[in-house]
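Throughout, a chain's letter reflects where its sequence line sits, starting with A, and its residues are numbered from 1.
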Amino acid sequence: MIEQERLPPYLAYLNPEQLKAVLHEGSPLLILAGAGTGKTRVITTKIAYLVKERGISPESILAVTFTNKAAREMRERAALLEPSCERAVIRTFHSFGSWFLRRNAQALELDSNFVIYDDEDSASLVQAILPNLGKPECRRYASLIARAKDYGLEPDSPSLATLIRDDDFRRVYSLYEERLRATGNVDFGDLIRLPAKILEKDEVIARRTKQRFRVLLVDEYQDSNVAQFLLLQRLFSPETYLCVVGDDDQSIYRFRGAEIRNILSFASIFPGTETIKLERNYRSYQSILDIAGDVVSRNSGRLGKTLRATRPGGAKPQLALLDDQDQEVSFCARIIGEMRAKGASLSDIAILYRTNAQSLAFEKEFPRRGIPYRLVGALRFYDREEVKDLLAYLSLLLNPRDEIAFRRIVNKPARGLGEGSVESILDKAAREGLSPIEACRQSQELLRGRGKAGMEQFLGLLDRATALLGTMMYQDEPYSLSDGGKRSTKGENSDAKGGKAIGGDAGSASLAILLETIVKESGLVGYHRDQDEIAGTQKLANMDELINASSLYPLASEGLAEFLETIELDRSFQAGSDAELKDAVTLITMHNTKGLEFPCVIVSGLEQGLFPRDDEEGEDLEEQRRLFYVSLTRAKDRLYLSACRWRRIRGRIIETSPSRFLTEMDPSLYEFWKLGASASRPQAGSFPRRTFPATQRTAGSAGASLIPKAGSYGSRPLPSASSLASNRSAALTGSKSSAQAETGPGASPEWKRGQAVYHDEYGRGSVIKVSMTESSGSLVIVQFETGKIAQFFPKYTRKLERIKD
DNA sequence: TCACAGTGACTTTTT
DNA sequence: GTCACTGTGA
């Protein structure tokens, strides 16, 4: 053990628990790391420590995460501490699975040049098997299959029936597997399941692998699924040092097969496990952790942690109970305005919601109010039709057996190869054991007229593309992915053992040439240009974007393989430069915020029926509560919560009540959001204490007009949304109309130099400068009597009031 | 093969 | 309210 006072600097930064976790060795280790407790620092430091101080070779370390972003960060930070850590295998679970599978594919008689099918491809495969099924039904089966694979279940697993109660499922799953093997490709689930299978049945590979990886580190362990657990178990040997890091309170992916029991039972599955808790939170004020801790304490199945803030105090979170979504947007706009006025960057602010549909209200209104926003998630670049089309051409070049890619593009753009022709070609392929492409070459007699010409054109295109790629396109020679070094800026790990150099004399020619050729000669350009003109889409631009991305890879089949693998496994790429969006508010689903943090967080839509849904009970409810917990702990400085009494859901306006997560909360932990004192005179009156415990604290700001609607509201522990919101609506509506019509108190004509003002926080002052901005109305710079100078967009703040001298 | 209209469905989604 | 799927008709 290293003496405390002689710690190298990179260890000296750690707190005692973190240090203990880094120095720990021997038994399996479970690090329970709460939100914001420096989890990544511990893992990366541990990797560096093992290499630097313990003489572990970096190659023998395997660290797995769930997201590419996390993997990238871990890789970079470990390498910063110890450059040789670059040789450690730090990857996502799936990327590791793919890496392993390509190296050991022969153990399952699989080609190592497989392409990875995404969910949509899987659904298409089901569709190919069961042509009579509707598309939604195919998707359902595909997702059930994915779930079965998450649980490590095979078509013949006895327990399959307990997971999925559909009599046909076993048959569909079995057919799917057969058909998938025929394409030579794999799906996401296979990237976990198949490596586990190889390790189980091939002793030689298993021994070699266990000898290689002496250290296993797993991040976000609470979100691992059963299949991932099985893989881990098969990588584990008595000589392996196993360390998992996670937070049971942040397990939010149950619906995709994440098994919280993995972390809850870790210690009992791996005997001798030592558990270290990291509870010192460096991110949030104590006031935020208090409310988050209160929320999650209501869950039963927990290991139990209490976060302590290193930043004591902090403003109490504010809860805004509003009338409807329009008010919610106004509310957010006001918070944004206030933050802006305080000099915060818009990128410091995030608005969180449960479902993607909820972003719409913000998206519609923010541009009108001059608020730039950045929408996270939503429609992913690689899920777009035109991108998938182009990728399908590429997949087909790499693997001519790819039936799904073939179906997708053989007649796209239309070449006169209708459903009948395609099916007869695929029939022939199946009967004679040919790839679809080979079947095409041999089936020209089946076609005539337009179809015949179309087929010639199609095959001609593939031939030219193949020629461009150079050699050995259809040969079975195994290649090794990225062994020969990196060309990609995406930073895939290269195998430390090294491998043969990438062959071919591609010179500096890039893959972009191939993509351009395909796009032009296939007619995709014309096809999508038409669509662009009709629907105002960005399809051409998106294809350009993809071509652009491909230019980093060499024009060779290996380059193509690497390009596809990178894309298949890291789909986070967003088209369009984000430089212009640097200063923008983040709109994001609660799920997508995991691992992120923002100085200011607004959690919106906290209504019963929406979050949680009314049908969520038991384990589901606990998961939603964890999701709420995750959302709250994203906030560093300021936290706002909002709920609407009336919410438009699917075109219907529905009366709601506040989320049970709010009503069950300790009311002393938050404040009701109130307008600046300058905005409206608080009126007399208060809520009946019996029904509203928080009244005492907020009576001053609570309004007069308690509207006792529909009786049921009277007995709620929280006031109805309307009772509070009705006080606010005037002010909010006011701010809204001023924003839209430029006539309200915030409008520009009335702001002049020398105007005396009063500010809610800074007191009296005088305007020293007024300037106009295009999007946000006038910008007013004020010198206060305190000497402070601050700038405001009157449009966004009501804290600034004009007064007479 | 395509364009259109009518119907129904609708959480979350690291890979 | 929106979108995507489905079936119809040209």
Residue set satisfying side chain to side chain contact (heavy atoms under 4.5 Å, CB included) with A/Ala361, at least two apart, ordered chain then number -> A/Gln325, A/Val329
Using a heavy-atom cut-off of 4.0 Å across all strands, would you classify A/Leu417 as base, sugar-phosphate, or nothing? sugar-phosphate
Kindly say whether the aromatic ring centers of A/Phe362 and A/Tyr373 come within a distance under 6.0 Å. no
So A/Asn411, base contact, sugar-phosphate only, or nothing? Heavy-atom distance under 4.0 Å. sugar-phosphate
Residue A/Lys69 excluded, over 12 heavy atoms near NZ under 6.0 Å: no
Non-hydrogen atoms of A/Cys138 and A/Leu133 that approach each other most closely: SG-CB, 3.8 Å
Contact class for A/Gly418 (heavy atom, under 4.0 Å): base, sugar-phosphate, or nothing? sugar-phosphate
With the sugar-phosphate defined as primed atoms, P, OP1 and OP2, and the base as all remaining atoms, what B/S/- string results for nucleotides 2-10 of chain C, 5' to 3', for protein heavy atoms under 4.0 Å? S--SS----
Any idea which heavy atoms bring A/Leu546 and A/Phe381 closest together, and the distance? N-CZ, 4.0 Å
Check the surroundings of atom CZ in A/Arg254: do more than 12 heavy atoms from other residues, nucleotides or ligands lie under 6.0 Å from it? yes
On the six-membered ring of A/Phe114, is A/Arg102 placed so that its NZ or CZ lies under 6.0 angstrom from the centre and within 45° of the ring axis? yes
Picking from A/Asn113, A/Asn185, A/Asp111, A/Thr183, what satisfies side-chain hydrogen bond (donor to acceptor under 3.5 Å, both in side chains) with A/Asn399? A/Asn185
Heavy-atom protein contacts under 4.0 Å, nucleotides 5-15 of chain B, coded B base, S sugar-phosphate only, - none: -----BBBBBB
What is the nucleic acid contact for A/Gly416, judged by heavy atoms within less than 4.0 Å: base, sugar-phosphate only, or nothing? sugar-phosphate
